[in-house]
Amino acid sequence: MARIYINQLEQHVGEEVQLHGWLYNKRSSGKVKFLILRDGTGIIQSVMVKGAVPDQVFEKFDALTQESSLSIKGKIKKEPRAPGGYEMELSDIPCVYQIALEYPITPKEHGIEFLADRRHLWLRSSRQHAIMRVRHRVIKAIRDFFDGRGFTLVDSPILTPAACEGTSTLFETDYFDLGKAYLTQSGQLYAEAGAMALGKVYCFGPTFRAEKSKTRRHLTEFWMVEPEVAFNDLNDDMDLAEDFLEYIVQNTIRDCAAELKVLERDVTKLQNVKKPLPRISYDDAVKILHEKGLPFEWGNDLGGTDETVVSEQFDRPVMVHRYPSEVKAFYMKRDPQNPKLALAVDVLAPEGYGEIIGGSQREDDLDVLLERIKEHKLPQEAFEWYLDLRRFGSVPHAGFGLGVERTVGWICGTEHVRETIPFPRMIYRNTP
RNA sequence: UCCGCGAUAGCUCAAUGGUGGAGCAUCCGGCUGUUAACCGGAGGGUUGUAGGUUCGAGUCCUACUCGCGGAGCCA
């Protein structure tokens, strides 16, 4: 007898098969009993009628509790009344692996704290299951996109000797006799070294920020993918970001239609994500804010509400480029047309999901970069290796970073990014 | 760090300063097509902690603890 998974049911209609999984729910109306099984690929309702199966099988039903692990055997048939459209006519329960203790997460509503404390169990629910599948698909799209364009994956270190950007608060740890080490806040500087070696590279890994951010857009540990391309300028960088976002979103909504339906996501808003994406300058963004009556001073960075107001003007992500250089990192190249501006770009997702991409053309001139390091009061010794990239065959280059959780949150339409990573790390939570 | 909101049964929530309840979950019973099944019954409480006001506090006041989401910072 075939042991199959629930997502293969349609190929086995009319056959007697065996399924292994966990009890999702059960219902009974006396002589008819319904048992709903999940196996990680979906759910199936199975049904048995008293008299049609041995009494001993029929009675096993009563002892089963939610999330008990078991295998069931029976014939698959099409059944419009069953969720999913297929049903098993149950003939046997060959194995009950374990009768689960009283399961805390019932099919009713729960508060976020209760669920977060049980994240390891919460992942079994259909909504979380759907989000994890979307996350997986987004990550696959990220890899496929770069791999298909001749990029090489060059992983950056997670333990680093100093701050990359000198702004964020970092997690600090003792590092043997070498003093302190810090958890990386960005792999970018290392990706630049990679780009000078291999031309087109990306790094992809976890990133850490010890900022005490408490918002729906923040985690202390999150995943970021950072491409870096030699000989690219800011326009090339925006072209790449635009292709990249279109690829991720279009592939994900095509392959995860069922998951997005579970999440009740309005997919029409994602179908618009095709190039060209609108490109506006920081100056244009400021004009929009002023038109909307917001008191915004030129020279500041866009805050959360500012980003939302700007992004609401468009039906797809918007690229905002050429920010005041003072609010941007030291390594960003200044605009030769106006040295007060940095050749930077942020991509703002629609619907208030905020900045999902931040990028720039990098400063490739040794002397200018040395000046910036002084201006930002960064320790030059720590950046000597990075300055070497400007001493030995410096070229124009550009790159960006995309936050995986914000991207997944936007595509799924989640309230908070904490649902988009299996085990979120936040300021007041590092368990389970 | 600052601002705001909150904490009552296992869970989600009610309760005018005057006898702490409901739905779900659990247990018992019923039901031959259920869809977060339904119907009947039962058990389940130091109202976050410590003080205070009051004849009387879940309710008002103070402090603390924990949580939530917003600012700042950022992906």
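A, B, ... follow the sequence lines: proteins, then strands. Residue 1 opens every chain.
For the P atoms, the distance linking A15(B) with G6(B) amounts to 13 Å, nearest Å. A gap of 10 Å separates the P atoms of C60(B) and U16(B), to the nearest Å. The P atoms of G67(B) and U53(B) are separated by 32 Å, rounded to the nearest whole Å. G20(B) and G58(B) are spaced 9 Å apart, taking the P atom of each and rounding to whole Å. Taking atom C1' on both nucleotides, U12(B) is separated from A50(B) by 28 Å, rounded to a whole Å. C11(B) sits 26 Å from A57(B) when the P atoms are compared, rounded to a whole Å. Comparing the C1' positions of A9(B) and G21(B) gives a spacing of 10 Å, expressed to the nearest Å. Across the C1' atoms, G45(B) and A14(B) are found 15 Å apart, a figure rounded to whole Å.
Using a 4.0 Å heavy-atom distance criterion, Ile105(A) is classed as making no nucleic acid contact. Looking at heavy-atom distances under 4.0 Å, His416(A) makes contact with sugar-phosphate atoms alone, never a base. In this structure, Arg429(A) reaches neither bases nor backbone, as no heavy-atom distance under 4.0 Å exists between it and the strands shown. No engagement by Tyr103(A) is indicated, since no non-hydrogen atom pair under 4.0 Å with the nucleic acid exists. Asp301(A) comes within 4.0 angstrom of sugar-phosphate atoms only, judged by non-hydrogen atoms across all strands, and of no base. Looking at heavy-atom distances under 4.0 Å, Gly111(A) makes contact with sugar-phosphate atoms alone, never a base.
Mapping Thr106(A) and Arg216(A) onto RNA chain B by nearest heavy atom places Thr106(A) at the nucleotide closer to the 5' end. Along RNA chain B, the nucleotide closest to Phe114(A) and the one closest to Ser213(A) are compared, and the more 5′ of them pairs with Phe114(A).
When each of C68(B), C73(B), A36(B) is scored by its nearest atom to the side-chain atoms of Arg418(A), the top-ranked nucleotide is C68(B). The nucleotide whose nearest atom lies closest to any side-chain atom of Lys212(A) is, among C68(B), U1(B), A36(B), U1(B). Of the candidates A75(B), U12(B), C11(B), A75(B) carries the atom nearest the Arg209(A) side chain, counting heavy atoms from C-beta on.
Following rounding to the nearest Å, Asn430(A) (CG) and G67(B) (C1') show an atom-to-atom distance of 15 Å. Between the CD atom of Glu355(A) and the P atom of A75(B) there is a distance of 5 Å, rounded to whole Å. When rounded to the nearest whole Å, the span between CD1 of Ile427(A) and P of C2(B) equals 12 Å.
You'll find the side chain of Pro227(A) reaches within 4.5 Å of the side chain of Phe400(A), heavy atoms only.
An aromatic stack links Phe222(A) and the base of A75(B), using centre distance under 5.5 Å and interplanar angle under 30°.
Separation of the Phe208(A) and Phe222(A) ring centroids does not fall under the 6.0 Å cut-off. A distance of 6.0 Å or more separates the ring centres of Phe423(A) and Trp122(A).
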Legend entry - Where protein sits on nucleotides 27-34 of chain B, one letter per nucleotide: B base, S sugar-phosphate only, - none, heavy atoms under 4.0 Å: ----BBBB

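Ring geometry, Phe204(A) versus Trp223(A): the interplanar angle exceeds 60°, so the pair is classed perpendicular (tilted spans 30 to 60°).
Around CG of Leu159(A), the count of heavy atoms belonging to other residues, nucleotides or ligands within 6.0 Å exceeds 12.
Shown are Glu419(A), Glu259(A), Glu415(A); of these, the salt bridge (Lys or Arg N to Asp or Glu O under 4.0 Å) with Arg127(A) is made only by Glu419(A).
Across all strands shown, the partner of C38(B) is G30(B), judged by Watson-Crick or G-U wobble contacts whose two distances both fall under 3.5 Å. Nucleotide U46(B) is matched to nothing when pairs are restricted to Watson-Crick or G-U wobble geometry with both distances under 3.5 angstrom. U59(B): no Watson-Crick or G-U partner with both key distances under 3.5 Å is found in any strand. Judged by Watson-Crick or G-U wobble contacts below 3.5 Å, the nucleotide C66(B) has G6(B) as its partner. Checking A71(B) for Watson-Crick or G-U wobble geometry (two distances, each under 3.5 Å) identifies U1(B) as its partner.
In terms of polar N and O atoms assigned as donor or acceptor, the side chain of His218(A) comes within less than 3.5 Å of the base of C74(B) in a complementary pairing.
Cation-pi contact between Lys26(A) and Phe34(A): absent, since separation from the ring centre below 6.0 Å together with deviation from the ring axis within 45° is not met.
Looking at Asp239(A) and Lys275(A), no side-chain N of the basic residue comes within less than 4.0 Å of a carboxylate O on the acidic one, giving no salt bridge.
A donor and an acceptor atom, one from each side chain of His397(A) and Glu192(A), are located under 3.5 Å apart.
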